[in-house]
Amino acid sequence: MRVLALDYGTARCGAAVSDPTQTVVTPIRAVSPPEPRDVAALVAEYDAARVVVGLPVSLSGEEGAQAHLTRAFAEELGGLIEVPVEMYDERLTTSLAERSARAGARAEHDSLAAAHLLESYLASRSSGDA
């Protein structure tokens with residue numbers, strides 16, 4: 001089953017998808033502006049069986065205004081698709097994406113962040129943490 005990960009922002013939404021075995025993660029085009037119906041089209045296009053939305057929380061775990069916007073986006077998306085939508089802590093994915101870009105990764109920054117989010121999510125599931 002493919003999993004689609006989203007790094008939601010008010011200007012654009014980075015995206016990444018796993019292969020059906022959930023072994024390989026690939027950053028894909030960002031959605032700009034981030035409209036739930038456009039992201040729902042990505043879910044259909046990639047035949048995703050689950051969507052993981054990065055939840056921006058502080059290092060202490062507190063949720064701010066962006067986290068509330070992200071939750072509202074995920075809820076609206078969930079009403080448009082028939083697959084589960086879940087939130088996942090995205091702490092440090094931005095810094096990982098910046099490091100990947102400096103190392104030569106060519107995907108959009110937001111989609112690199114989504115790819116790191118998805119890698120973390122899949123690793124946590126395989127280790128039994130999720």
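Please read all numbers here as calculations on a predicted model, not as lab measurements.
A donor-acceptor contact shorter than 3.5 Å is absent between the side chain of S111 and the backbone of A16. Listed for the Q66 side chain is no donor-acceptor partner under 3.5 Å among the backbone atoms of G9.
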**OP:** Start with the C-alpha distance between I28 and L4, add both sets of side-chain angles, then the distance that settles side-chain contact (heavy atoms from CB on, under 4.5 Å), and finish with yes or no.
**Re:** CA-CA 10 Å; I28 58 176; L4 178 72; 3.9 Å; yes

**OP:** Kindly indicate, with the supporting measurements, whether the criterion side-chain contact (heavy atoms from CB on, under 4.5 Å) is fulfilled by Y121 and R50.
**Re:** CA-CA 12 Å; Y121 172 81; R50 177 175 307 277; 3.0 Å; yes

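A search for salt bridge (charged side-chain N to carboxylate O under 4.0 Å, His left out) contacts involving R2 returns nothing, not counting sequence neighbours. Legend: residues meeting salt bridge (charged side-chain N to carboxylate O under 4.0 Å, His left out) with E76, ordered by chain and number and at least two apart, are absent. Taking E45 as the reference, R29 meet the salt bridge (charged side-chain N to carboxylate O under 4.0 Å, His left out) condition, with sequence neighbours excluded.
Checked against E86 for a side-chain contact (heavy atoms from CB on, under 4.5 Å), the options V52, L55, V53 give a single hit: V52.
Ring pair Y8/F73 is parallel by interplanar angle, where below 30° counts as parallel and above 60° as perpendicular.
Connection of M1 to L118 is established within a shared hydrophobic cluster, with ILVMFWY side chains joined at heavy-atom distances below 4.5 Å, either directly or through further cluster members. Under the 4.5 Å side-chain heavy-atom criterion for Ile, Leu, Val, Met, Phe, Trp and Tyr, L77 and L69 are members of the same hydrophobic cluster.
Taking every heavy atom of both residues into account, P56 and A67 meet most closely at O-CB, 3.3 Å.
Atom CG of L6 sits about 11.0 Å away from atom CG of D110, to the nearest 0.5 Å.
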